[in-house]
Amino acid sequence: MAENDANPPPAATPPQEADSSIVAAEPVTETKDLPPPLPSDNDVKAAAAAEDVVAVEDDDKDKAKGEDVVVVEEKEKEKEEEEEHKIIGESESLKEESNRVSDSERKGVEELKKLVREELEEKEVSIWGVPLFKDERTDVILLKFLRARELRVKDALVMIHNTLRWRKEFNIDALLDQDLGDDLDKVVFMHGHGREGHPICYNVYGEFQNRDLYHKAFSTEENRTKFLRWRIQLLERSIRNLDFSPGGINTIFQVNDLKNSPGPAKRELRLATKQALQLLQDNYPEFVAKQVFINVPWWYLAFYTMINPFLTQRTKSKFVFAGPSKSPDTLFKLVAIANFPKNLIFYSLFCFHCCFNYDLTPLQKFHRYISPEQVPVQYGGLSVDFCDCNPDFTMSDPVTEIPVKPTTKKTVEIAIYEKCIIVWELRVVGWEVSYNAEFKPDAKHAYTVIIQKATKMSPTDEPVVSNTFKVGELGKLLLTIDNPTLKKKRLLYRFNIKPYCD
């Protein structure tokens with residue numbers, strides 16, 4: 001972290017922006033909010049006191065390197081957001097179903113509640129930490145079972161009985177407190193929340209490329225059982241943090257990273273995931289808000305397309321796919337799966353390059369689900385655990401996103417109005433751009449302070465750049481990104497203000 005001194009007076013104020021579950025499953029006859037399966041061997045394989053104003057330099061193609069700074073007005077931003085929300089409102093496939101009991105479902109819930117109360121042998125029964133028949137949360141839980149069985153009351157009753165029996169046999173209450181080790185903590189983990197408050201679960205299949213880890217998890221029936229208990233324990237602990245009151249958040253946002261996934265040839269993995277899928281399908285209904293698949297290989301898309309006709313529209317509406325080049329953007333913006341191309345099988349089988357780079361977020365219906373400050377660094381965001389190595393920012397510090405068009409520059413201007421220390425961090429996913437930072441005093445004859453010389457950033461450089469500057473006079477901090485490529489880039493940045501000290 002470079003720290004530079006300027007001269008005396010100022011206080012910092014806001015920037016000006018110039019435009020500046022691990023469960024891979026096999027097909028099942030009745031599908032419920034679960035990820036589409038892996039094929040078998042035979043299948044086709046702002047800051048304190050500051051408002052953000054970003055000064056952006058968008059050059060004409062004739063002036064590739066010009067520096068026209070354009071201030072983006074707040075009204076324009078609001079207009080864009082209104083347009084975006086308007087589009088979303090038109091897309092039923094992106095609308096999460098409410099956990100409130102609708103008028104059409106009320107009769108079924110009351111009937112199911114009466115039957116469950118009559119047939120339960122134990123007077124006091126709880127599930128997922130919620131005692132049944134104590135308050136209105138019972139209706140929300142019963143509604144999950146009812147919806148999972150297409151509002152068929154008798155089938156929902158059978159499902160509840162089977163779930164309660166399985167939970168007793170599996171000894172769920174004791175499992176919650178068991179120490180099962182931390183070997184698999186990088187395979188499945190909870191991190192952050194979506195924009196609507198859903199907790200986010202990351203499933204990282206590529207971790208199983210580690211032979212020792214794979215062997216320890218799946219080599220024997222005993223190991224597979226231990227893995228299953230670990231996975232159920234993580235799920236149960238996550239569910240205990242959900243809100244089952246009407247209108248509360250009681251579903252989980254799933255992100256499935258298929259980068260370096262072992263693929264369909266691993267028999268042991270298929271056996272374990274098939275068993276896990278069955279348990280989740282039978283005992284954890286309606287717990288998925290969205291299933292997002294990133295770094296998706298072409299063979300997975302081909303397989304999904306083949307089983308697509310067998311999935312219900314309700315299930316398909318929760319699936320989103322993105323190839324490697326589109327994964328970071330997809331975590332920030334998701335497209336309605338209803339727009340999934342019907343001819344994808346052709347592309348998959350005969351032109352896998354097209355499919356592999358297929359843009360699953362075209363000019364259609366977008367919606368932001370996860371803020372960049374909530375997305376881990378390895379997936380294109382700025383979120384890291386709060387520790388001594390990064391004490392300046394947490395997931396509560398908002399991140400500003402700015403698109404950087406091909407062959408253009410964008411400059412972020414942060415106005416400083418008093419003495420302070422300003423700290424910032426930024427990134428451009430995939431880099432391939434030049435970055436420089438400087439402080440420009442307001443005084444007429446003052447010199448501009450170069451904080452960071454223009455530096456070419458490559459994809460192999462550190463994903464996030466951090467810096468600190470001690471401000472002693474009125475002026476502006478200028479952060480400039482020069483994108484010489486023909487690709488559209490996305491700049492993410494945030495800053496904090498600290499008290500000035502000599």
pair [X]-[Y]: side-chain heavy atoms closer than 4.5 Å:
{"X": "Phe170", "Y": "Leu175", "value": "yes"}
{"X": "Asn467", "Y": "Val423", "value": "no"}
{"X": "Met190", "Y": "Arg237", "value": "no"}
{"X": "Lys134", "Y": "Glu124", "value": "yes"}
{"X": "Val377", "Y": "Val464", "value": "yes"}
{"X": "Ile141", "Y": "Val130", "value": "yes"}
{"X": "Val288", "Y": "Ile252", "value": "no"}
{"X": "Phe189", "Y": "Val204", "value": "yes"}

Side-chain ([X]) to main-chain ([Y]) donor-acceptor, under 3.5 angstrom:
{"X": "Lys144", "Y": "Glu286", "result": "yes"}
{"X": "Lys274", "Y": "Leu269", "result": "no"}
{"X": "Asp155", "Y": "Arg152", "result": "no"}
{"X": "Gln275", "Y": "Ala272", "result": "no"}
{"X": "Trp431", "Y": "Glu462", "result": "yes"}
{"X": "Asn210", "Y": "Leu213", "result": "yes"}
{"X": "Asn496", "Y": "Asp392", "result": "yes"}

Q) Quick one: side-chain contact (heavy atoms from CB on, under 4.5 Å) partners of Arg240, sequence neighbours excluded? A) Arg167, Ile172, Asp173, Leu176, Glu236
Q. Is it the case that more than 12 heavy atoms not belonging to His215 sit under 6.0 Å from its NE2 atom?
A. no
Q | Charged tip of Arg427 within 45° of Tyr493 ring normal and under 6.0 Å | A | no
Q.
I want to check a possible cation-pi pair here: Lys113 against Phe133, using under 6.0 Å from ring centre and within 45° of the ring axis as the test.
A. no
Rounded to the nearest 0.5 Å, how far does [atom2] of [Y] lie from [atom1] of [X]?
{"X": "Leu142", "Y": "Leu112", "atom1": "CG", "atom2": "CG", "answer": "5.0 Å"}
{"X": "Glu119", "Y": "Ile160", "atom1": "CD", "atom2": "CD1", "answer": "10.0 Å"}
{"X": "Asn223", "Y": "Lys216", "atom1": "CG", "atom2": "NZ", "answer": "9.0 Å"}
{"X": "Leu279", "Y": "Leu228", "atom1": "CG", "atom2": "CG", "answer": "5.0 Å"}
{"X": "Asn283", "Y": "Thr163", "atom1": "CG", "atom2": "OG1", "answer": "4.0 Å"}
{"X": "Gln233", "Y": "Asp177", "atom1": "CD", "atom2": "CG", "answer": "8.5 Å"}

Tell me whether the rings of [X] and [Y] are parallel (<30°), tilted (30 to 60°) or perpendicular (>60°).
{"X": "Tyr202", "Y": "Tyr379", "result": "parallel"}
{"X": "Phe208", "Y": "Tyr214", "result": "perpendicular"}
{"X": "Phe145", "Y": "Trp128", "result": "parallel"}

Q. Please walk me through it: do Gln291 and Val320 pass side-chain contact (heavy atoms from CB on, under 4.5 Å)?
A. CA-CA 6 Å; Gln291 283 278 11; Val320 178; over 6 Å; no
Inspect the contact between [Y] and [X] and indicate whether a charged nitrogen and a carboxylate oxygen are less than 4.0 angstrom apart.
{"X": "Glu111", "Y": "Lys114", "value": "no"}
{"X": "Lys489", "Y": "Glu432", "value": "yes"}
{"X": "Glu373", "Y": "Arg494", "value": "no"}
{"X": "Asp135", "Y": "Arg137", "value": "yes"}
{"X": "Arg490", "Y": "Glu401", "value": "yes"}

Q: Could you give me the CA-CA distance, side-chain angles and deciding distance for Glu105 and Ser102, then say whether side chain to side chain donor-acceptor pair (under 3.5 Å) is met?
A: CA-CA 5 Å; Glu105 295 167 327; Ser102 66; 3.1 Å; yes
Minimum heavy-atom separation for [X] to [Y], with atom names?
{"X": "Gly192", "Y": "Gln374", "answer": "CA-OE1, 3.1 Å"}
{"X": "Ala289", "Y": "Thr251", "answer": "CB-OG1, 3.3 Å"}
{"X": "Gly129", "Y": "Pro131", "answer": "O-CD, 3.7 Å"}
{"X": "Ile200", "Y": "Gly194", "answer": "CD1-N, 3.6 Å"}
{"X": "Gly430", "Y": "Pro459", "answer": "O-CG, 3.5 Å"}
{"X": "Asp243", "Y": "Ser245", "answer": "OD1-OG, 2.6 Å"}

**Q.** Ser371: side-chain hydrogen bond (donor to acceptor under 3.5 Å, both in side chains) partners, not counting sequence neighbours
**A.**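 For Ser371, the residues satisfying side-chain hydrogen bond (donor to acceptor under 3.5 Å, both in side chains) (neighbours in sequence not counted) are Arg195.
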Q: Report the residues that fulfil side-chain hydrogen bond (donor to acceptor under 3.5 Å, both in side chains) with Thr455, sequence neighbours left out, ordered by chain and then residue number.
A: Gln452
Q: Output, in order, the C-alpha distance, side-chain angles, deciding distance and verdict of side-chain contact (heavy atoms from CB on, under 4.5 Å) for Arg165 and Glu169.
A: CA-CA 6 Å; Arg165 183 173 64 249; Glu169 294 172 353; 3.5 Å; yes
Q: Kindly indicate, with the supporting measurements, whether the criterion side-chain contact (heavy atoms from CB on, under 4.5 Å) is fulfilled by Leu235 and Arg231.
A: CA-CA 6 Å; Leu235 178 59; Arg231 186 63 185 90; 4.0 Å; yes
Q) Should Glu110 and Arg106 be marked as a salt bridge (Lys or Arg N to Asp or Glu O under 4.0 Å) after you check the CA-CA gap, both sets of side-chain angles, and the distance that decides it? A) CA-CA 6 Å; Glu110 293 301 326; Arg106 173 56 62 187; 3.1 Å; yes
Q. Would Leu157 and Val116 satisfy side-chain contact (heavy atoms from CB on, under 4.5 Å), going step by step from the backbone distance to the final call?
A. CA-CA 7 Å; Leu157 178 63; Val116 172; 3.6 Å; yes
